[in-house]
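Below is one structure, written out as structure tokens, with a few remarks after it.
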Amino acid sequence: MLKKSIIIFAFLFIAVNAQEKIDFTAKTLKGKKIKLSEYYQDGPVLVSFWALWCQPCRKEMTKLNSIYKKYKEKGFNIIGVNLDSPRSASKVKSYVVSHKIKFPIVKDPEKEIFRQFNGQSIPLLFLLNKSGEIVKTHIGYVPGDEKKLELEIIDLLGAEN
């Protein structure tokens with residue numbers, strides 16, 4: 001009986017820990033290649049899917065930028081994943097510059113990264129812990145959502161230090 005319990009426990013342990021983590025490599029608007037897993041090694045990461053044509057996304061981006069500035073020194077990072085078409089890439093760059101967005105923005109015009117996260121609609125946020133596991137998901141944006149998100153980030157930063 002004990003041997004059977006140990007085998008079952010070992011199987012469950014392997015199954016839980018074999019869970020594949022999402023990772024991607026992409027170029028930022030500045031042309032630098034970044035890899036998601038290199039970011040979450042340093043602390044929690046928020047992956048934000050957005051587009052210029054999405055009004056709630058644009059409102060959320062300014063709030064995310066404030067959160068990023070506030071917690072980046074504590075190991076928190078954000079990667080913005082822009083879903084606009086290649087034709088509007090120059091508009092995306094000028095939006096990011098004019099709104100002083102400080103976190104990296106990568107382009108995903110073919111929605112490959114978006115599909116990896118099983119995205120359906122935007123704005124869409126995934127909060128990952130230092131192990132690369134998705135711990136929170138947020139779909140859509142209404143003013144005030146950033147307060148709940150900030151509390152989740154604070155909790156995660158506290159848990160990982």
Expected output: side-chain D108 to main-chain F114 donor-acceptor under 3.5 Å: yes
Closest non-hydrogen atom pair between G119 and L124, with its separation: CA-CD2, 3.6 Å
N/O donor-acceptor pair under 3.5 Å between Y71 side chain and L157 backbone: no
Reported CG-to-CD1 distance for the pair D84 and I105, which is rounded to 0.5 angstrom: 11.0 Å
Donor-acceptor under 3.5 Å (S131 side chain, E133 main chain): no
CA sep, side-chain torsions, deciding dist, call: N82, F49, side chain to side chain contact (heavy atoms under 4.5 Å, CB included): CA-CA 6 Å; N82 180 268; F49 291 94; over 6 Å; no
Pairwise side-chain contact, L125 with L64, heavy-atom cut-off 4.5 Å (strictly under): yes
Residues, nucleotides or ligands: over 12 heavy atoms within 6.0 Å of K27 NZ: no
Check: Q116 side chain, D23 main-chain N or O, donor-acceptor pair, under 3.5 Å: yes
I122 to W50 - nearest heavy-atom pair and separation: CD1-C, 4.0 Å
Atom of F24, atom of V81 and distance for their closest heavy-atom approach: CZ-CG2, 4.3 Å
Closest contact, heavy atoms only, P104 versus T28: CB-CG2, 4.0 Å
Aromatic plane relationship, F117 with F126 - under 30° parallel, 30 to 60° tilted, over 60° perpendicular: tilted
Heavy-atom closest contact (P109 atom, K107 atom, distance): CD-C, 3.5 Å
CD (Q120) with more than 12 external heavy atoms under 6.0 Å: no
Pair E152-L149, side chain to side chain contact (heavy atoms under 4.5 Å, CB included): steps then yes or no: CA-CA 5 Å; E152 293 168 352; L149 177 63; 3.9 Å; yes
Working for side chain to side chain contact (heavy atoms under 4.5 Å, CB included), residues N65 and M61: CA-CA 6 Å; N65 199 42; M61 287 297 284; over 6 Å; no
Atom NZ of K91 with >12 non-hydrogen neighbours under 6.0 angstrom: no
Candidates I154, L46, L156 - the one meeting side-chain contact (heavy atoms from CB on, under 4.5 Å) with F76: L46
Residues E146, Y141; criterion side chain to side chain donor-acceptor pair (under 3.5 Å); working and verdict: CA-CA 8 Å; E146 69 277 1; Y141 174 77; 2.7 Å; yes
Straight-line distance of K136 NZ to L128 CG, nearest 0.5 Å: 13.0 Å
Nearest-0.5 Å distance that lies between atom CD in E150 and atom OG in S66: 9.0 Å
From NZ (K93) to OG (S88), nearest 0.5 Å: 11.5 Å
Reported CD1-to-OH distance for the pair I134 and Y40, which is rounded to 0.5 angstrom: 10.0 Å
Test item: S37 and K21 side chains (from C-beta on) under 4.5 Å apart, heavy atoms: no
Heavy-atom pair with the smallest gap, counting every atom of C57 and A51: CB-O, 3.7 Å
H138 and D145: CA distance, side-chain angles, deciding distance, side chain to side chain contact (heavy atoms under 4.5 Å, CB included) verdict: CA-CA 9 Å; H138 294 266; D145 284 353; 5.7 Å; no
